Amino acid sequence: MPPKRKAAPSAAKGEAKAGRTSRMSTPGAATPRSLDDTGDDAEDEPVVGDEELQRELDKNIDIFSVDKYKKKHTVREPLPHIFGNNDYSYLDLKKDHQNRPLWIDPQKGRIILESFNPLAEQAQDFLVTIAEPLSRPTFMHEYALTTHSLYAAVSVGLSPSDIISTLDRFLKTPLPEEIRNFITNCTQSYGKVKLVLKNTKYFVESPDPDVLQLLLKDPIIGPLRVQHGDQELTTEAAPKLGALVIPGTGAAKGVTQTSEQQLGDHGEAPKEKDVFATLNEDDDDEQDVTHAFEIADKDVETVQKQCLLLNYPVLEEYDFRRDEVNANLEIDLRPGTQIRPYQEKSLSKMFGNGRAKSGLIVLPCGAGKTLVGITAACTIKKGVIVLCTSSMSVVQWRLEFLKWSNINPEDIVAFTSDNKGSMFTGSTGIVVTTYSMLTQAGQRSYDADKMMKFLTNREWGLMLLDEVHVVPANIFRRVTSSIKSHSKLGLTATLLREDDKISDLNFLIGPKLFEANWMELSKQGHIARVQCAEVWCPMPTEFYDEYLKAPARKKQLLYIMNPRKFQACQYLINYHEARGDKIIVFADNVYALKKYAFKLGRAFIYGGTPQAERLKVLDNFQKNPELNTLFLSKIGDTSLDLPEATCLIQISSHYGSRRQEAQRLGRILRAKRRNDEGFNAFFYSLVSKDTQEVYFSSKRQAFLVDQGYAFKVITQLANMENTPDLAFSTPAERRELLQTVLVDNETAEDDEIDDDLFHKGKKGKKKGTRRTAGTLGELSGGQDMAYIERNKKVNQALKKGKGKQESHSFFKKIGRENARRAAQ
DNA sequence: GGATGAGAAA
DNA sequence: ACGGGTTCTCATCC
């Protein structure tokens with residue numbers, strides 16, 4: 001099981017429970033027994049005072065949490081000292097529980113899915129809609145029911161009764177009452193109120209007039225209503241779904257979708273119908289009329305804020321098919337374009353009720369986020385504004401639009417600092433620009449100013465927000481308040497930040513509409529399969545001595561410049577080049593990056609590399625069979641459109657950033673060779689043993705482990721000692737390296753040799769490359785390496801190991817295992 | 001007029 | 001807190 005993450009709701013708990021919660025994530029411990037096998041002798045008294053105090057605390061911390069609905073239960077199981085607070089034996093098992101895939105923790109709202117259950121797939125579809133995936137390793141997936149997740153479920157049109165009945169059908173135990181209450185209460189208030197932009201006017205809309213009356217009584221919202229005669233509310237028939245077809249789907253081609261489930265006969269197994277079928281039905285028969293009142297543009301944010309305070313979050317929807325004010329855009333997907341099932345799924349959530357809902361879609365890089373955005377644009381067919389993080393991706397987006405759709409090239413313009421004059425000539429079109437272009441506060445050039453006026457003075461059908469996770473919330477506020485758009489779609493690969501600003505996105509853009517499971521996509525062959533490994537490099541004693549007495553700044557430099565790490569890097573490059581892989585090496589530290597690249601005679605790109613140079617190197621990396629290894633600084637994390645690579649080596653990284661790790665892994669997911677039989681991409685993290693790096697590394701991996709990736713620990717690279725021409729193999733060389741590192745860092749390192757270095761790196765690669773395939777013959781694949789399979793717990797154990805002794809014995813054990821394996 | 005670099009901001 | 005990387009603009013050069 002994965003490590004606990006810091007953001008877990010249980011973090012709010014008091015001391016009293018801290019000791020026990022650690023067992024929480026072990027599903028086995030929560031196994032309820034059948035009724036009849038428990039003795040009723042030991043009536044353990046529940047810890048009442050404790051729990052009441054806790055409840056009081058929780059109420060103050062978070063009025064909306066599952067704990068609010070917690071009930072006391074008589075504990076029947078006589079082993080509370082083992083199960084602690086996680087004793088669920090009071091939950092009766094249903095007779096046919098084997099056929100049902102879900103367990104639930106009534107107190108925390110955690111749901112455990114048995115991913116090997118025949119119904120797991122359907123259950124997963126459902127869970128992704130109503131709950132937040134926490135961790136999805138191979139056999140057990142853990143989800144959490146939260147207010148946000150239920151909010152999202154409601155926003156795609158599920159009703160509370162759907163959620164409750166479906167959940168109940170999948171559960172091995174009856175649905176606990178507190179969970180039922182939690183769901184009912186959340187869903188009652190959430191999703192009742194919608195913000196709709198109709199003919200350029202904003203309306204607050206709800207099927208329930210009482211809710212609107214309640215809002216109008218609010219001292220802040222009330223006066224903001226735009227009066228039309230005496231009537232307080234306007235009423236009209238609710239829209240029917242009709243035949244909205246998302247382009248690129250099976251339906252669009254006239255093919256009937258195979259929606260029949262191959263359900264087999266699992267006795268009383270729940271016959272679950274498609275969640276989205278349910279959703280569409282609802283719109284047809286239940287909500288016959290809607291009521292609305294109008295508010296002015298400028299008050300939208302105030303009203304949204306106030307509604308949120310009243311616990312009626314406002315969902316944004318765009319009824320684009322009935323918008324006759326904004327000109328239609330001539331755009332369609334190119335014939336023959338077929339979007340993938342998961343892309344279709346995410347879009348069907350966005351357009352679930354025939355309108356465009358605002359929200360976030362989370363897909364790993366390489367899984368076709370761009371195409372999702374483009375398809376959304378082709379569905380809405382109105383003016384689109386696309387926001388990216390860099391001007392490189394602006395160009396990229398425009399090209400993708402031209403590639404996938406039949407948009408007239410004159411109707412799609414880029415707005416960046418190089419190109420701020422031109423605009424589409426028709427009545428509508430697509431603008432691709434950057435966040436900074438829109439939020440630039442300082443003085444602007446004349447053209448940019450003119451363009452901004454144009455952008456802010458018109459209405460847009462869709463705002464596409466790329467890489468939504470990198471942009472802080474206050475920038476969003478500025479963007480969304482200056483650009484009037486009917487709907488917003490945020491795209492991202494990782495909804496992760498080390499700070500907690502990510503939750504703001506839920507209300508600034510919308511709920512999370514869809515999140516893909518990386519492992520699943522990779523099993524289906526949409527993204528590459530990846531072997532992840534952490535390579536432990538010991539620190540030579542000279543380096544370690546220096547490390548111990550160095551200040552933090554220098555420590556970092558020392559463990560990055562660890563010569564053993566350098567050798568490991570060299571070894572891996574040799575090995576993978578011989579296999580024909582394209583390798584990217586990441587180093588955050590520019591000094592180290594240059595040193596490594598120079599010493600190994602390979603090309604590198606960092607922030608200071610001029611644009612033309614970058615393109616040239618990237619182009620060579622892609623096409624030139626002589627250039628197979630590329631060194632990148634942080635620049636490679638975001639703002640570079642990397643050609644596909646199949647192997648990735650990380651020699652230094654930014655502290656414990658899970659996002660960076662995920663993003664970097666994403667760089668090798670689009671490898672085309674993934675369809676080859678048994679093909680793997682490789683991801684290595686080089687870590688200097690006994691340094692802070694070990695700790696950071698374990699933190700960084702958390703996200704990937706939750707996505708189901710297994711990290712292997714390599715303590716010894718096979719046959720490395722016998723590899724010829726390793727750098728720094730003599731003590732003298734190592735001492736010299738140490739000296740250089742120390743000296744270079746004392747003086748503010750100045751690099752006039754910079755450009756020189758770079759060119760040498762490029763030219764020098766021919767003589768630098770040394771194929772060592774012969775000595776590596778016995779290594780036919782990643783699995784055969786001298787890997788010791790360990791999961792992250794090892795790292796954690798190491799991190800927790802208080803003294804040197806512990807870690808030493810630990811290493812000895814590894815060493816023994818290593819030897820034993822080698823002997824076999 | 002188009003590259004290129006410096007300097008600012010966030 | 002810092003270094004890394006953006007972006008924008010303006011000034012300079014050929």
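From a predicted model like this one, the values you see are computed outputs, not experimental measurements. Per chain, numbering begins at 1; letters A, B, ... match sequence-line order.
For the pair A:Thr389 and C:dT7, the criterion of a side-chain N or O lying under 4.0 Å from OP1 or OP2 is not met. In this structure, A:Lys420 does not reach the C:dC8 phosphate: none of its side-chain N or O atoms is under 4.0 Å from OP1 or OP2. For C:dT6, the OP1/OP2 oxygens have a side-chain nitrogen or oxygen of A:Arg614 closer than 4.0 Å. OP1 or OP2 of C:dT7 sits under 4.0 Å from a side-chain N or O of A:Ser391. Residue A:Ser417 places at least one side-chain N or O under 4.0 Å from the OP1 or OP2 atom of C:dC8.
Rounded to an integer number of Å, the gap from CG of A:Leu557 to P of C:dC2 is 17 Å. Between the CG atom of A:Asn419 and the P atom of B:dG2 there is a distance of 12 Å, rounded to whole Å. Between A:Gln663 atom CD and C:dG5 atom P the separation is 15 Å, expressed in whole Å. In this structure, the CZ atom of A:Phe586 is 13 Å from the C1' atom of C:dG5, given to the nearest Å. Rounded to an integer number of Å, the gap from A:Leu438 CG to B:dA9 C1' is 16 Å. At whole-Å resolution of the value, CG in A:Asn589 and P in C:dG4 are 7 Å apart. The nearest whole Å value for the distance from the OH atom in A:Tyr606 to the C1' atom in C:dG4 is 12 Å. Across the protein-nucleic acid pair, A:Ile635 atom CD1 and C:dG3 atom P stand 19 Å apart, rounded to whole Å.
Of the listed nucleotides (B:dA10, C:dG4, C:dT6), B:dA10 has the atom at the smallest distance from the side chain of A:Ile475. The side chain of A:Ser390 lies closest to C:dT6, out of C:dC8, C:dT6, C:dG3.
The side-chain tip of A:Lys582 points at the ring of A:Phe621 from less than 6.0 angstrom away and within 45° of straight on. Seen from the ring of A:Phe586, A:Arg664 counts as a face-on cation partner, given the 6.0 Å and 45° thresholds. For A:Lys594 and A:Phe604, the positive end is not near the middle of the six-membered ring at less than 6.0 Å and at most 45° from its axis.
Heavy-atom neighbours of A:Gln622 CD from other residues, nucleotides or ligands within 6.0 Å: above the threshold of 12. Counting heavy atoms of neighbouring residues, nucleotides and ligands inside a 6.0 Å radius, atom CD of A:Glu733 exceeds 12 of them.
Among the heavy atoms of the strands, none lies under 4.0 Å from A:Ala612.
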